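Working notes for the structure below.
Index from 1, following the sequence. Computed from a prediction, not measured in an experiment: that's the story for all the values here.
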Amino acid sequence: ATTESYTLSRHDALPIFLSGFLSESKRRSLSGNFPHVKTQGVIDALFLHMGPGLNSSPEREFLRSALPNVEFWDQPPLKGDRAYERLAEASISEAERIASSAGRPIRLIAHSFGGNLVRPILRKIPEKIGSVELYNCGIDLTSDFRRLLRKWGADRETAPELRDRVREYFSRFPEKSPDPWEPIELLVQDPSFMRLYWPRREEFSRYLEAANRSAPLDFESFRSVVSGYLRDSESIPSSLQWKGDAKVVLGLDDPLTDAE
């Protein structure tokens, strides 16, 4: 097994899936890194999108023609008891279905929280996964939420009263908060906080147009799945029997993760 890890600028990392960052020529060159694309008509790669409670509609709209062999799967909006565990089970089933149909090991491509679905897949069906690509996948959600909140609070487009609330939050909890959800509850009061991911307004507008044509964030599902993951993450086995190649890509200016 080999692991490749590298860091890109804000203009190059996240947008392989939210491709407003990329010129058409850059996107074509990047798609050459996906050897499965050359086999027309066979789905043999599974994309695990960011955030439970969301879907892959923007990625499908931007990249279906460039990456026809990738299944841009919509994670089911699960809620209640065992939500993370049930989502992991659904992800395993989807990966197994695609591998069985393709007749060979497949590629897993994960963005953000989607990376937290990769490990249960590799643990359950290692022989059916040939390689893994992780794009801006964090390893500490509580710290990631705080980092995103800090950057949002410093953004000049954030309403002054909300910036004041961010300053008040960090004055109360300069190091760590006992409630991991307070940062998120502040963020969701700004429907356009995703602008932090986009260096240019026109690209963010294009993303919004695509996102607005799909179902909105199901916050109850997001909270159920992430709460389950935070509760169970320390007990999830870290050892794997999987033998394959992995690529890790982080953006220097990604608002959620810390590339350093």
Is there a donor-acceptor pair closer than 3.5 Å between any side-chain N or O of [X] and the backbone N or O of [Y]?
X: K151; Y: D254; result: yes
X: S177; Y: D179; result: yes
X: H49; Y: Q75; result: yes
X: R163; Y: T158; result: yes
X: S224; Y: A83; result: no
X: S57; Y: S214; result: no
X: S143; Y: D140; result: no
X: N55; Y: D74; result: no

Quick check: closest heavy atoms across [X] and [Y], and the distance to 0.1 Å?
X: F173; Y: P178; answer: CE2-CD, 3.3 Å
X: F193; Y: L187; answer: CD2-O, 3.7 Å
X: S91; Y: L46; answer: O-CD2, 4.3 Å
X: G130; Y: P105; answer: N-CB, 3.6 Å
X: I92; Y: P120; answer: CD1-O, 3.6 Å
X: R147; Y: L256; answer: NH1-O, 2.8 Å

Against the six-membered ring of W181, is R223 placed for a cation-pi contact (under 6.0 Å from the centre, within 45° of the normal)?
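Relative to the ring axis of W181, which defines the angle, R223 lies inside both limits.
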
With a 4.0 Å cut-off on N to O distance, would you call [X] and [Y] a salt bridge?
X: R104; Y: D44; value: yes
X: E168; Y: R172; value: yes
X: E89; Y: R82; value: yes
X: D155; Y: R195; value: yes

Name of the residue among R146, R150, E182 meeting side chain to side chain donor-acceptor pair (under 3.5 Å) with Y169:
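Answer to the side chain to side chain donor-acceptor pair (under 3.5 Å) test with Y169 among R146, R150, E182: R146.
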
Where do D81 and R86 land on the salt bridge (charged side-chain N to carboxylate O under 4.0 Å, His left out) test, with the steps shown first?
CA-CA 9 Å; D81 294 341; R86 289 185 287 128; over 6 Å; no

To the nearest 0.5 Å, how far apart are [atom1] in [X] and [atom2] in [Y]?
X: R107; Y: S131; atom1: CZ; atom2: OG; result: 3.5 Å
X: L108; Y: K128; atom1: CG; atom2: NZ; result: 13.0 Å
X: E59; Y: F72; atom1: CD; atom2: CZ; result: 7.0 Å
X: S192; Y: F204; atom1: OG; atom2: CZ; result: 5.0 Å
X: S56; Y: E61; atom1: OG; atom2: CD; result: 12.5 Å
X: N136; Y: H111; atom1: CG; atom2: NE2; result: 5.5 Å

Would you say the side-chain atoms of E209 and Y207 include a donor-acceptor pair closer than 3.5 Å?
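Side chains of E209 and Y207: no pair found under 3.5 Å.
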
Just wondering, do [Y] and [X] contact through their side chains at under 4.5 Å, heavy atoms?
X: L149; Y: V166; result: yes
X: W152; Y: P255; result: no
X: L141; Y: P180; result: no
X: K247; Y: L134; result: no
X: I121; Y: I129; result: yes
X: E220; Y: P77; result: no
X: F47; Y: L67; result: no
X: L148; Y: P183; result: no

Could you walk me through whether L48 and V118 pass side-chain contact (heavy atoms from CB on, under 4.5 Å), step by step?
CA-CA 8 Å; L48 300 165; V118 169; 3.9 Å; yes

Could you give me the CA-CA distance, side-chain angles and deciding distance for E96 and K124, then say whether salt bridge (charged side-chain N to carboxylate O under 4.0 Å, His left out) is met?
CA-CA 10 Å; E96 192 164 29; K124 186 71 173 181; over 6 Å; no

Would you call the rings of F113 and Y229 parallel, tilted or perpendicular, taking 30° and 60° as the class edges?
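Perpendicular.
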
Stepwise side-chain contact (heavy atoms from CB on, under 4.5 Å) check, D245 with V132:
CA-CA 6 Å; D245 296 332; V132 170; over 6 Å; no

